[in-house]
Amino acid sequence: MEIMQRSKKTILSFILPALIIYIGIVIIPIFNTVYYSFFKWNILDTLKFTGLNNFINLFTKDAIFIKSMKNTFLLMFWSLAIQTPLAILLAIAISGNIKGKRYFKTVFFLPNILSSVAIGLLWSFIYNPEFGIINRLLSSIGLGNFTRLWLADEKTVMGSVIAVICWQFVGYHMIIYLAAIENIPAELKEAALIDGVNQNKMIGYIILPLIRPIVGIDMVLMATGSLRFFDLIYVMTNGGPNHASEVIASYMYYKSFRDYQYGYGSAVSVVLLTLCLVVTFLLNKIFQTEEIQY
Amino acid sequence: MKRISVVLVCFVLLASLLSGCDTSDVGTGSESEKTKLKIEAWGIETDPNSRIIKEAVNLFNERNSNAVIEIEFTEQEQYKTKIATLMAANEAPDLFNTWAAGFLKPFVTSGKVYSISDDLNKDSWKNSYINGIFAPFTFDGKIYAAPTTQTVACLFYNKEIFDQYGLKAPETYSELKNVIETLNKNGIIPFALGNKAPWVGAMFSELVANRIGGSEPFNKVYEGTGTWLDPSFIEAGRIMYELVEMNAFPEGFNALDNDPAQELFKEGKAAMLVMGSWAIQQLTNEESPLKGKVDVARFPAMEGGKGNINSWLGQPDQSFAISTNCKNKEAAVEFLKTIASKEIQTKFAEAGNLVATKITIDPAKSNPVAIKVAELQKDMEELFLFYDVALGSTIGNEYNNAIQAITAGKDPEEALRALQEFTEQNRE
């Protein structure tokens, strides 16, 4: 073992295969994409260099891109605003010694193990204005006025999709917080109890401060995940109606693979990459704390 | 010792891999006197039309001594991506299925497609086709593909329901409005329209726009000399919304898929359907409750409109083009002629298609609805293309989206202005 660690060649020989694959399918394509974003290219003709034109068009002329960017931020904001507190609350609720703990854990986590396509179809049925349960339920309890064409109405589509996304992912984040909470040493809690701390203060002074770094990491995961969100949108709405649920990732997909505007699509993905980096950086700044030592 | 055995096993595996390649090489070598031609086609192998195309391939392979054809089918949406990728990688198949106008254009301009103009003019082959059908395959005066069938948008209606309420197929917009009112009074949905995929409503609006303003406004948009803000498009948008307000479409039609909408028509819950002629087979097959009850009419005229009731919206369909890489162009042209031959075209007609060539169909063997369409089409003065076919998918889809937004209540002028901006930015 020692010999292996000492010899850099041995280490390299273990890392190299994975590194080569990683460079080949992640790093190089990223640089390629940045390169293509300065061109006009429909994959058939030769590349035409257009400088920053793609980017200028994106931000000054392309109303659909602006709309998709708004939707993306909307999605990110609501994901963070709904999922973070909800996931922490759920985690705290089931971290105690409650009855049926494993049952709840499984139930909340369940949506996560389903494929997004299945979830998309499932919720398309739930939202279906004819036979979906939401509209049926509303009209059966006399709230027929509140029935909507959930996924076909420009006003409700984004909200409907965000609700599904939160439902799908809240369990995942709950598990992360649950692990963090259960990692807090029992001595700390015991000491607090001896000092006469009640349940609310326990949460406020012990649990939340101690899981703060995890909250930071989790929010980065959540934010970047929502920024590049694609699958449910693709399955449930295709970005429609009339681009009302278009997000940056779906717009990039349509521009590149349906309209064959690869240069333009690349520019969209460069913007997306930059956004992800900026958001990660900002969130890291906000949650920058010293390493916790128990 | 162990190490040696491992090396040996590796060697044997490698050798077997290589030999695998070898045998396949030998396989192609043995048929070297015949050129192998590859066709990429869209559709599913078991579709009725795909079967007929396969029959044509077999027929060709039996008769032709210079070439042997191999055909591969891919589902339509995937086909679009596949063919674009193959073209880009310079691995175009010898022959390939293509849509007219917008889809074919980029391939032609980048020099990937062989022009069949000269071959068409030889032995008056071109005259066997319906007049004017080559227009959407013509770029700079040269023709680049030959169609197999054609599809047109038809107004289908349920004869039984119409008879029951003493209605007849509407010929003008005001007659149509009366029909809609009567149907609504009797609890029957006037049009089975499922606009979740927005091309369905867009197709409807294209007919309305053409009846109002004729083909000129659209042709001007196509050439870049006119805009979507032409009064005829705005008026068409207004009429689409008027129809929505009259409850001419099912409740929640913007959330309704096309197939379930078509079911409404089949089950007799809706009385009319504006759909491409491709629906004829589904509407009239043995299992359909509508069998024998469907009739078809021309889309009604608009009062005071410039459009002609004998203009049909549609496209030449399942067309084949030859790529410039094709190893044996003569044989490829021969295959196009096989497709256009009387025996293959008759099979297409009997399967309920409208064919691309001038053949006479035996009414006993063919679908009565298809025959009725063919009869109506005898007076056809013009075939104008589906907008998303003519303009290509980028601008075409945006038109479809704009119409969907209008039917959901957006102001037509505002929607069309946004579409115009989009069109200017995305024009090639």
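Just so you know, these numbers come straight off a predicted model, no measurement behind them. In what follows, every chain begins at residue 1, and chains take the letters A, B, ... in the order their sequences are listed. Basis for what follows: all heavy atoms, side chains included, without hydrogens, waters or symmetry-related copies.
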Point-to-point distance, once rounded to the nearest 0.5 Å, from CG of Asn401(B) to NE2 of His243(A): 4.5 Å
Please identify, among Ile64(A), Asp62(A), Leu151(A), the residue contributing the most non-hydrogen atom pairs under 4.5 Å to chain B. Ile64(A)
Is it true that, when you exclude Glu251(B) itself, more than 12 heavy atoms of the residues, nucleotides or ligands shown sit nearer than 6.0 Å to its CD? no
Would you say the side-chain atoms of Gln404(B) pair up with the backbone N or O of Pro241(A), donor to acceptor, closer than 3.5 Å? no
So do Thr394(B) and Gln261(A) actually touch side chain to side chain, heavy atoms under 4.5 Å? yes
For a quick test of reading the model, state the closest non-hydrogen atom pair linking Gly252(B) to Leu149(A) and the distance between them. CA-CD2, 3.3 Å
Heavy-atom distance under 4.5 Å to chain A: side chain of Phe422(B), backbone, both or neither? side chain
Show every salt bridge (Lys or Arg N to Asp or Glu O under 4.0 Å) that has at least one partner inside residues 244-263 of chain A, sequence neighbours left out. Lys255(A)-Asp259(A)
Considering residues, nucleotides and ligands other than Glu130(A), do more than 12 of their heavy atoms fall under 6.0 Å from its CD? no
Taking atom OH of Tyr260(A) and atom CE of Met87(B), what is their separation to the nearest 0.5 Å? 11.0 Å
Would you say Phe49(A) has more than 12 foreign heavy atoms packed within less than 6.0 Å of its CZ? yes
Quick check on Trp167(A): does its CH2 atom have over 12 non-hydrogen neighbours (other residues, nucleotides or ligands) under 6.0 Å away? yes
Quick check on Tyr234(A): does its OH atom have over 12 non-hydrogen neighbours (other residues, nucleotides or ligands) under 6.0 Å away? no
NZ (Lys80(B)) with more than 12 external heavy atoms under 6.0 Å: yes
Please classify the contact between Pro129(A) and chain B as side chain, backbone, both or neither, with a heavy-atom cut-off of under 4.5 Å. side chain
Closest contact, heavy atoms only, Asn254(B) versus Ala152(A): O-CB, 3.4 Å
Residue part contacting chain A, namely of Ala84(B), when any heavy atom lies under 4.5 Å: both
Closest-packed option against chain A by number of heavy-atom pairs under 4.5 Å, given Asn397(B), Thr85(B), Asn90(B): Asn397(B)
With chain A, which of Glu421(B), Glu398(B), Glu77(B) has the greatest number of heavy-atom pairs at distances under 4.5 Å? Glu398(B)
Between Pro198(B) and chain A, which part of the residue has a heavy atom less than 4.5 Å away: side chain, backbone, both or neither? neither
